[in-house]
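Throughout, residue positions are numbered sequentially from 1 according to the sequence presented. Ligands are counted one by one from 1 in listed order, and the atoms in each one are counted from 1 as well.
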Amino acid sequence: MAPERISPAKHPLALAPVTAPPSTVDGFVREFLNNLNFRQGVALSFSSGNDRYLALAETVRDYLMARWLEDQRRQRERQAKGVCYLSAEYLLGKQLDNNLLASGLTEIATEALASCGIDIDELRRLELEPGLGNGGLGRLAACFIDSLATMSVPSIGYGLRYEYGIFRQTFVDGQQVEQPDRWLAMGSPWEFPHPEAAQTISFGGHTEKYDDDGVERTRWIPAWNVQAVPFNYMVPGYQNGRVNTLRLWSAVATNAFDLGVFNAGDYAEAVRAQTFASNISKVLYPEDSTPQGKELRLQQQYFFVAASIRDFLDNQLSEGYDLANLPNRVIFQLNDTHPVIAVPELMRVLVDERHLEWADAWAITQGCFAYTCHTLLPEALEEWSVDLLGRLLPRHLEIIFRINEEFLAAVREQFGDDELRIRNMSIVGEYPHRSVRMAYLATVAGAKVNGVAELHSQLLRDKVLPDFAEFFPGKFTNVTNGVTPRRFLRLANPGLSSLITDALGPRWVTDLERLRELEAYAADPEFRAAFAAVKAHNKVRLATELKARDGLEVGDGHLLDVMVKRLHEYKRQMLKVLHIVTLYEGIASGRVAASEITPRTFVFGAKAAPGYAMAKRIIHLINAVGSVVNDDPRVEGRLKVLFPPNYDVTLAEYVIPAADLSEQISLAGKEASGTGNMKFALNGALTIGTDDGANVEIRELVGDDNFFLFGMTEPEVEALWAKGYRPSEYYQTDADLRRAMDLIASGAFSGGDRSTFEPIISNLLYDDRFMVLADYASYVAAQKTVDAAYADQDAWTRSAILNVARCGYFSSDRSMRDYIDRIWHTPPTP
Ligand SMILES: *Cc1c(COP(=O)(O)O)cnc(C)c1O
């Protein structure tokens, strides 16, 4: 229920707008001490670090509050068209620094705390990042809401407030062990719970037809309910006085527990049902790219989209809004298939609850949704079994069947009774069991369907959904991903940011194409020296952090070669491992003198899905290779392999600005876009990469001379696959490859135990869909050109500067402009 609104208050103060505290050091100190005393309930002299961190966060919030309340009021009043971004994941990263930067308070806060005897850096470290996402997809959502706020686009992000986010990764004997992520244990100062605004979300039961004054209607009689409590988060734009909202839903049991059961004497059973309900938002599923069809996951998906749609219709629309106009008021952007159950939910609300005609409701629905596809891997395309859907959401299944029936009738009309085509396009698949193909449902319902890089969008049209592209000409489009320059350049790389601002002025932060002007500076020896000094400084900063965090040593003066991203076979961390083992084997066998090797520190960061055995074994191997290589005196410290555990946004912000070389080595045609690749290039790392995802666009922009390309192209991959991929032929003909694989198989990295890594070797030789061995020779050759290029430090720095200068295109602000132009048509409301 929408809360009752209060008519103009009696006291004149209640009519005055909320005002921010004075933006001065003294004003900040006063507010900070107030928060420490009145909210945390401690005196400064007795306060703990956590008290101070919370009071600091509350103070920053107070400064943003007036704008936030004002923007919420305005969005409701104006009723301008806005975006509802529906995403099961938001990988936000730490909030304090971002919000200080957005509000322009960084210096005032630093000085204010110093005047209280507090080092703000110590408080920064106490913040736990909310890990409410797995990897690229969740981080993309976080970048997008930052850009929308910075560009003053009316928007709300909707998602799930997982009590436990992505697990914390630790290593025990080199193997991944998952720990629960207790990000809420110390309290989160950035969220505003609104239990009074909870929605009731229903599940299960059955449907029935009834007669409503001569009209046959359907109603859903659900079996159980759960409460969805909204938690609001501020999403401040960059120094533009704008604050948008991210609303995450948390599940709690409905008020009354089952009195019937309780009265029957089974107290424990009555409580169990309660616990069951609150499980829905308990934990983020840690699979990235290979979702498991788990019932709780479907519950999570329906839970958050049903609450979000209801919230929008009940609380964001003006009284008596004519729903026929809804497509002019909102676009629900579906971040992958996770929120697609929103489509039948909106239909259910419009038809069953608001009593619209089916055809009218369908026209509205088709105008209100757009779908972003994030994958090319068939196993990542979500399907839900008809059985499960029927049990959990019986009315939605009926609606999906009817959508499918009408869609297939239209297909028949256009293409005739081409049964194979009909079967291929059906939203309901029959084999291996009856299931609903969520990507198809999204494609049929969405006004637009987009891929996330040029190559990906082309493959989506030509390979993944060709029948749909033919049936819906004009529906398919591309929006290449982007990353926010606020977090990944301005905050993560203060040294480079100052250098850029000194050269170009400050406006690049919101207009990243301005980096182009740095091209001229690449020719300036003084600028190159300053740029190189920043890189060197960032490496020291990383070295200090890794030493303190994990006791790891970055090699002095080494080329820093970095591969950080989720662990997945398609991303091909194994290619990197084979390169390292090849270098090591050369030294260990005495064929290569250590002194001939370019000193390199290899940094890995990667979490594996807990149930993904091969990925976990690869993590084990990387750690095992690291401990042998790092300790072998014959290497003379010229190769180091570091694997700091728990790669997250916080670690990314240390690693990326320090990197010389960015590893983007997926099999061509498998990585939809990648965004890590963009973060590195913008921070002046050179990329070694395949012609895949957004690498293609990065290379086009930075130029072949400033990018190390290797490997098969996507058509070459297809051709080889069609002809028959025979990995053992590479093994037999390439002596370096054979020696590297034999060394792993010999047990050299597993204390002589040949069985430990045998499954990895067999997989590469007999069963590798991702063709690691086919690209090995090309990869190793490209790494030799990297060594040669790195020998000329000045030329390398020039290339690095050109990478920064030419990658302004990859700002998520540009992605937002493309969404607005091609899909949303939601003008900014400054
Ligand atoms: C950017 C980012 C990713 C995505 O990296 P890819 O290389 O594009 O897979 C994953 N995790 C974190 C923490 C990130 O910041």
Considering only protein heavy atoms, which is closest to atom 12 (C) of ligand 1, and at what distance to one decimal place?
Tyr647 CE2, 3.6 Å

Among all protein heavy atoms, pick the one closest to atom 14 (C) of ligand 1 and tell me residue, atom and distance.
Lys679 NZ, 2.9 Å

Would you mind running through ligand 1 and noting each atom that sits below 4.0 Å from a heavy atom of [X]?
{"X": "Thr675", "answer": "1 (C), 4 (C), 8 (O)"}
{"X": "Gly135", "answer": "10 (C), 11 (N)"}
{"X": "Gly674", "answer": "8 (O)"}
{"X": "Gly676", "answer": "5 (O), 6 (P), 7 (O), 8 (O)"}

Minimal non-hydrogen separation, Val483 against Cys143, with atom names:
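That closest heavy-atom pairing would be CA-SG, 3.8 Å.
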
So, for Met712 and Val717, which heavy atoms are closest and what is the spacing to 0.1 Å?
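Closest approach of Met712 to Val717: CB-CG2, 3.8 Å.
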
With nothing but distance in play, are any N or O atoms of Lys565 less than 3.5 Å from an N or O of ligand 1?
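Among all N and O atoms of Lys565, at least one is under 3.5 Å from an N or O of ligand 1.
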
When only distance counts, is Val649 in polar contact with ligand 1, meaning an N/O pair under 3.5 Å?
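No - when backbone and side-chain N and O of Val649 are compared with those of ligand 1, no distance drops under 3.5 Å.
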
Structural part of Asp648 in contact with ligand 1, heavy atom criterion under 4.0 angstrom
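Under 4.0 Å from ligand 1, Asp648 contributes backbone atoms alone.
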
Using a distance-only test with no angle check, is there a side-chain donor-acceptor pair under 3.5 angstrom linking His456 and Asn478?
no

Verify whether one side chain among Tyr612 and Glu569 offers a donor that lies under 3.5 Å from an acceptor in the other.
yes

Are the side chain of Asp336 and the backbone of His374 linked by a donor-acceptor contact shorter than 3.5 Å?
yes

Charged N to carboxylate O below 4.0 Å: is that the case for Asp775 and Arg572?
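Looking at Arg572 together with Asp775, the answer is yes, because their closest N to O distance falls below 4.0 Å.
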
Salt bridge or not between Lys576 and Glu663? Use side-chain N to carboxylate O under 4.0 Å.
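Looking at Lys576 and Glu663, the cut-off is met.
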
Are Tyr85 and Tyr158, when compared by the centres of their aromatic rings, separated by less than 6.0 Å?
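Between Tyr158 and Tyr85, which both carry aromatic rings, the centre distance is not below 6.0 Å.
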
Does Arg566 come within less than 4.0 angstrom of ligand 1, counting non-hydrogen atoms of the residue?
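Distance cut 4.0 Å: Arg566 fails for ligand 1.
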
Give a yes/no verdict on whether any heavy atom in Lys571 is under 4.0 Å from an atom of ligand 1.
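So Lys571 counts as touching ligand 1.
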
